[in-house]
**Q** 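Could you have a look at this structure, given as structure tokens, before my questions?
Start at 1 with the first residue, then count along the sequence.
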Amino acid sequence: MASVVCIGECMLELSAHDSHLYKKAFAGDTLNTAIYLKKELGEAHTVHYATKIGQDSISKELPSYLEKYNIETDLLQTSATKNIGLYAIDLVNGERHFTYWRNDSAAKTLFDDLSPACADDIMSHDYLYFSAISVAILNDKQAFFALIEQAKNKGKTIIYDANYRPALYTNKQQAQALHKQALKLATIYLPSIEDEQALSGELTATQIIEKSLALGVSEIVLKQGSEQIAYYENNEIKSIPIQPLQPVDTTSAGDSFNGAYLAARIKAHGKADSIGAGVHLSQQVIMQKGAIIF
């Protein structure tokens, strides 16, 4: 039985229901992946979520929400003074437009005073998953990277997704430095070409993969929008075409892909079959509204 811990921020999500109403849910990139990962893994493996929440009434709803999706809640930390963040989604032709209220989010303080016992608990799992957003929001980014490095040295598999959100950084130079630091620790890297090009310039898929491998990544799957997926296997860069769809809502497209891909890989499926599983799930997700479709 494998165990996975996803590290990041869970926020209250308000998604446009009609012109006058918003629907309430919990979401966040790593949380979305955790939920889809657990769905695809089934009962044989465990998925844990590590974040910090508040003591407000909405924060208190989160453990029950996670348990509904069979996500383990033992790594939830609680702040006495801060609450969870909030964001709203509006859709224009199926594309997401976000408005955030997260500057004082409890999750930002997760590594400010993380106890040695909790750090050991996080590192006890077989797979550690995080994104660029996970890193960007943290007050103490170097404490986080120190934990990830310790976990890697213990033989754990480190999984990184480069969700680049410029507003979360002081400048692009800071974002690039943190991104490089994450890549040097990652075992598996699951970027989109849009995020990579926004961070690193107009690199080709081949250049992105070669750069990532040179920094120490051993497994990379590059999402290229609705066109194709590129990956590295047997000293060769390969690609799988995708049948394009007209999306209803692209929220969680990449997160769901990551969840299904990783579940298949944990079950020892090959890379091509795992990519197929990721594409299949993400195409179901984009044809419905909301981050979580079940």
**Q** Ignoring hydrogens and angles, tell me if any N or O in the side chain of S200 forms a donor-acceptor pair with the backbone of Q197 under 3.5 Å.
**A** no
**Q** Under a 3.5 Å distance rule, please check whether K141 uses its side chain to pair with a backbone N or O of A136 as donor and acceptor.
**A** yes
**Q** In terms of hydrophobic clustering (I, L, V, M, F, W, Y; side-chain heavy atoms under 4.5 Å; direct or indirect links), are I208 and I229 co-clustered?
**A** no
**Q** Measure the spacing between OH of Y261 and CD of E219 and express it to the nearest 0.5 Å.
**A** 3.5 Å
**Q** Roughly how far apart are L41 CG and K267 NZ, rounded to 0.5 Å?
**A** 6.0 Å
**Q** To the nearest 0.5 Å, what is the distance between CD1 (I293) and CG (N32)?
**A** 11.5 Å
**Q** Is it true that atom NZ of K238 has more than 12 heavy atoms of other residues, nucleotides or ligands lying nearer than 6.0 Å?
**A** yes
**Q** Quick check against the 3.5 Å criterion: does N234 have a side-chain atom that pairs as donor or acceptor with the backbone of E236?
**A** no
**Q** Ignoring hydrogens and geometry, is there a side-chain-to-backbone donor-acceptor pair from K38 to E72 under 3.5 Å?
**A** no
**Q** When clusters are formed by joining ILVMFWY residues with side-chain heavy atoms under 4.5 Å apart, either directly or through shared neighbours, do Y164 and L185 land in the same one?
**A** yes
**Q** Under a 3.5 Å distance rule, please check whether K152 uses its side chain to pair with a backbone N or O of K156 as donor and acceptor.
**A** no
**Q** Answer with yes or no whether the hydrophobic clustering places V217 together with L190; edges join I, L, V, M, F, W, Y residues whose side-chain heavy atoms lie under 4.5 Å apart.
**A** no
**Q** Show the numbers, then the answer: is there a side-chain contact (heavy atoms from CB on, under 4.5 Å) between S59 and I84?
**A** CA-CA 6 Å; S59 290; I84 65 170; 3.3 Å; yes
**Q** Hey, are S131 and D29 close enough side-chain-wise for a donor-acceptor pair under 3.5 Å?
**A** yes
**Q** Indicate, with yes or no, if Y129 and F144 share a hydrophobic cluster defined by side-chain heavy-atom contacts under 4.5 Å among Ile, Leu, Val, Met, Phe, Trp and Tyr.
**A** no
**Q** So that I know where these two stand, are Y100 and F98 an aromatic pair - ring centroids less than 6.0 Å apart?
**A** yes
**Q** Between T30 and I7, does the side-chain contact (heavy atoms from CB on, under 4.5 Å) criterion hold? Intermediate values first, please.
**A** CA-CA 7 Å; T30 54; I7 305 168; over 6 Å; no
**Q** Evaluate whether atom CG of N153 has more than 12 neighbouring non-hydrogen atoms of other residues, nucleotides or ligands under 6.0 angstrom away.
**A** yes
**Q** For the backbone of L12 and the side chain of K24, can you confirm whether one donor and one acceptor N or O come within less than 3.5 Å of each other?
**A** no
**Q** To the nearest 0.5 angstrom, please state how far the CG atom of N103 sits from the CG atom of L168.
**A** 9.5 Å
**Q** If the plane angle is over 60° it's perpendicular, under 30° parallel, otherwise tilted; pick one for Y189 and H179.
**A** tilted
**Q** Looking at T250 and I286, would you say the former's side chain and the latter's main chain have a donor-acceptor pair under 3.5 Å?
**A** no
**Q** Tell me, do L147 and L128 make a side-chain contact under 4.5 Å, heavy atoms counted?
**A** yes
**Q** Which pair of heavy atoms, one from A106 and one from S79, lies closest together, and at what distance?
**A** CB-CB, 3.9 Å
**Q** In Å, rounded to the nearest 0.5 Å, how long is the span from CD1 of I242 to CZ of F257?
**A** 7.0 Å
**Q** Between K82 and D104 (salt bridge meaning N to carboxylate O under 4.0 Å), is one present in this structure?
**A** yes
**Q** Grouping I, L, V, M, F, W and Y whenever their side-chain heavy atoms are under 4.5 Å apart, do L281 and I35 come out in a common cluster?
**A** yes
**Q** If only side-chain N and O atoms count, and only distance matters, is there a donor-acceptor pair under 3.5 Å linking Q243 with Q283?
**A** no
**Q** Do Q176 side-chain atoms and L199 backbone N/O form a donor-acceptor pair below 3.5 Å?
**A** yes
**Q** For side-chain contact (heavy atoms from CB on, under 4.5 Å), just list the numbers for Y160 and I148, CA-CA rounded to whole Å, side-chain angles, deciding distance to a tenth of an Å, and then say yes or no.
**A** CA-CA 11 Å; Y160 172 56; I148 295 298; over 6 Å; no
**Q** From the options L62, T51, L66, select the one residue that forms a side-chain contact (heavy atoms from CB on, under 4.5 Å) with T73.
**A** L66
**Q** Does any non-hydrogen side-chain atom of K223 lie less than 4.5 Å from one of D195?
**A** no
**Q** Got a sec, which pairs hit ring-ring contact (aromatic ring centres under 6.0 Å, His included) with one end in residues 55-79, sequence neighbours left out?
**A** F26-Y65, Y65-Y69, Y69-F294
**Q** Taking all heavy atoms of A50 and all of I122, pick out the closest pair and write down the distance.
**A** CB-CD1, 4.3 Å
**Q** Around atom CD of E227, are there more than 12 heavy atoms of other residues, nucleotides or ligands at under 6.0 Å?
**A** no
**Q** Whether the side chain of S218 engages the backbone of T187 through a donor-acceptor N/O pair (distance < 3.5 Å, no angle test) should be reported.
**A** yes
**Q** Which distance, rounded to the nearest 0.5 Å, do you find between the CZ of F130 and the CG of D161?
**A** 10.0 Å
**Q** Give every residue pair that meets the ring-ring contact (aromatic ring centres under 6.0 Å, His included) criterion with at least one member in residues 41-60, sequence neighbours excluded.
**A** H48-H125
**Q** So, for M1 and D126, which heavy atoms are closest and what is the spacing to 0.1 Å?
**A** O-OD2, 4.0 Å
**Q** If you look at every heavy atom in A198 and K172, which pair is closest and at what distance?
**A** O-NZ, 3.0 Å
**Q** Can you tell if the side chain of T157 reaches within under 4.5 Å of the side chain of I188, non-hydrogen atoms only?
**A** yes
**Q** Can you tell me if S252 uses its side chain to pair, donor with acceptor, with the backbone of D255 under 3.5 Å?
**A** no
**Q** Under a 4.5 Å cut-off applied to non-hydrogen side-chain atoms, are D121 and D74 in contact?
**A** no
**Q** Got Q228 and L222 here, is their nearest side-chain heavy-atom distance under 4.5 Å?
**A** no
**Q** Might you confirm whether atom CD of Q173 has over 12 heavy atoms from other residues, nucleotides or ligands at distances under 6.0 Å?
**A** yes
**Q** Restricting to non-hydrogen atoms, name the atom on A260 and the atom on E40 that form the minimum distance, rounded to 0.1 Å.
**A** CA-CG, 3.9 Å
**Q** Count the heavy atoms of every other residue, nucleotide or ligand shown that sit under 6.0 Å from NZ of K289, and state whether that count exceeds 12.
**A** no
**Q** Can I get a per-line list of side-chain donor-acceptor pairs under 3.5 Å for residues 110-118, giving both atom names and the distance, sequence neighbours left out?
**A**
residue: D112; atom: OD2; partner: N139; partner atom: ND2; Å: 3.2
residue: D113; atom: OD1; partner: K52; partner atom: NZ; Å: 3.2
residue: S115; atom: OG; partner: C118; partner atom: N; Å: 3.1

**Q** Please find the pair of heavy atoms, one from A291 and one from E13, that lie closest to each other, and give the distance.
**A** CB-OE2, 3.7 Å
